[in-house]
Amino acid sequence: MADDSTCSHVSSCEMYKLLKLSGSLKIWQSRYCMSASHTECARYKLSLTGKPVPINLMPNGATLNVPAQPSGKR
Amino acid sequence: MPEASYLPFWLGGLALVSVPLLHWLVLSRALAVSGRFSFLVDRVRHGAAEPAPDEAAMVEAIRAATLAQFGTDAVEAPPADMPESTVASTPKESAGSHAAFLVGLLLGGVVSTLLRGGISWSPSLTGTIWTDTFGSGAAGYAALFGGGLLVGFGTRMSGGCTSCHGLCGLSQRQPGSFVATCSFFGAGIVASFLLGAL
């Protein structure tokens with residue numbers, strides 16, 4: 001079972017999947033996804049408003065400048 | 001109106017348990033009826049999501065953001081004591097699969113009703129407690145509509161409907177679902193006593 005402080009959105013969060021791909025990125029998980037501080041996550045807070053969460057929105061509120069993949073390559 | 005005949009309570013209980021359990025065993029994801037509905041509503045309101053960026057480019061961008069936020073040391077020495085999540089990431093389902101699920105839900109209800117004698121249209125409000133409290137006219141319908149809106153608001157606010165938290169969330173021992181279930185059952189019990197006292 002997931003820890004009580006684990007974010008309830010980890011199973012559906014697009015960013016969480018990416019943060020699992022490299023050990024060097026896991027600090028985001030420890031600071032946000034797997035901690036009580038997940039309520040401070042910008043993605044979590046935006047999802048609670050009912051608005052779609054952009055994939056390039058980081059937990060700290062920063063936005064990654066990454067070009068979208070051409071259609072057909074998803 | 002003839003008294004409705006219901007299936008045994010234990011049969012309904014078994015069905016309520018077996019459907020989300022079977023869904024979890026087959027698809028490794030929670031049933032999420034209201035979640036599917038919310039997805040489709042969001043799709044209508046906001047349109048389809050933008051094409052996803054390239055995964056490798058995303059990882060590189062996140063790495064740069066990690067350096068900027070936490071510094072070199074944090075990136076080179078990832079936390080070793082981080083608890084492992086047992087919640088698996090599951091692939092996204094398409095809007096079509098969500099729509100098919102909801103249509104299947106409606107069709108299941110129609111088939112069940114047809115098997116038990118057919119569908120009859122009864123526009124009047126017949127619940128005794130309801131009509132005694134709100135009447136069977138416009139006020140009764142307005143209260144029904146308002147109640148439906150409140151259910152929808154609560155479902156969206158708490159991230160799931162009654163069956164989602166009560167069946168799926170509690171079976172996964174989610175603390176939030178425990179709180180939600182206590183809240184809506186508690187509120188339901190209090191409301192029924194209040195209505196009975198009016």
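Both backbone and side-chain heavy atoms feed into the values below; hydrogens, waters and symmetry mates do not. Order of the sequence lines sets the chain letters (A, B, ...), proteins ahead of strands, with each chain counted from 1.
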Grouping I, L, V, M, F, W and Y whenever their side-chain heavy atoms are under 4.5 Å apart, do A:Val53 and A:Tyr16 come out in a common cluster?
no
Would you say A:Ile27 and B:Val59 are hydrophobically clustered, going by side-chain heavy atoms of ILVMFWY under 4.5 Å?
yes
Most contacts with chain A, counted as non-hydrogen pairs under 4.5 angstrom, among B:Gln69, B:Met157, B:Arg156:
B:Gln69
Minimum heavy-atom separation for [X] to [Y], with atom names?
X       : Y       : answer
A:Leu64 : B:Ala65 : CD2-CB, 3.8 Å
B:Met58 : A:Leu18 : CE-CD1, 3.5 Å
B:Ile62 : A:Met15 : CD1-SD, 3.5 Å

Do other residues, nucleotides or ligands put more than 12 heavy atoms under 6.0 Å from the CZ atom of B:Phe134?
yes
Heavy-atom count around B:Phe185 CZ within 6.0 Å, excluding the residue itself: above 12?
no
Which residues satisfy the side chain to side chain donor-acceptor pair (under 3.5 Å) test with A:Thr63, sequence neighbours excluded?
none
Shorter than 4.5 Å, heavy atoms on both sides: which option in A:Leu19, A:Leu48, A:Asn60 has the most such pairs with chain B?
A:Asn60
When rounded to the nearest 0.5 angstrom, what distance separates NZ in A:Lys26 from OG1 in B:Thr66?
13.5 Å
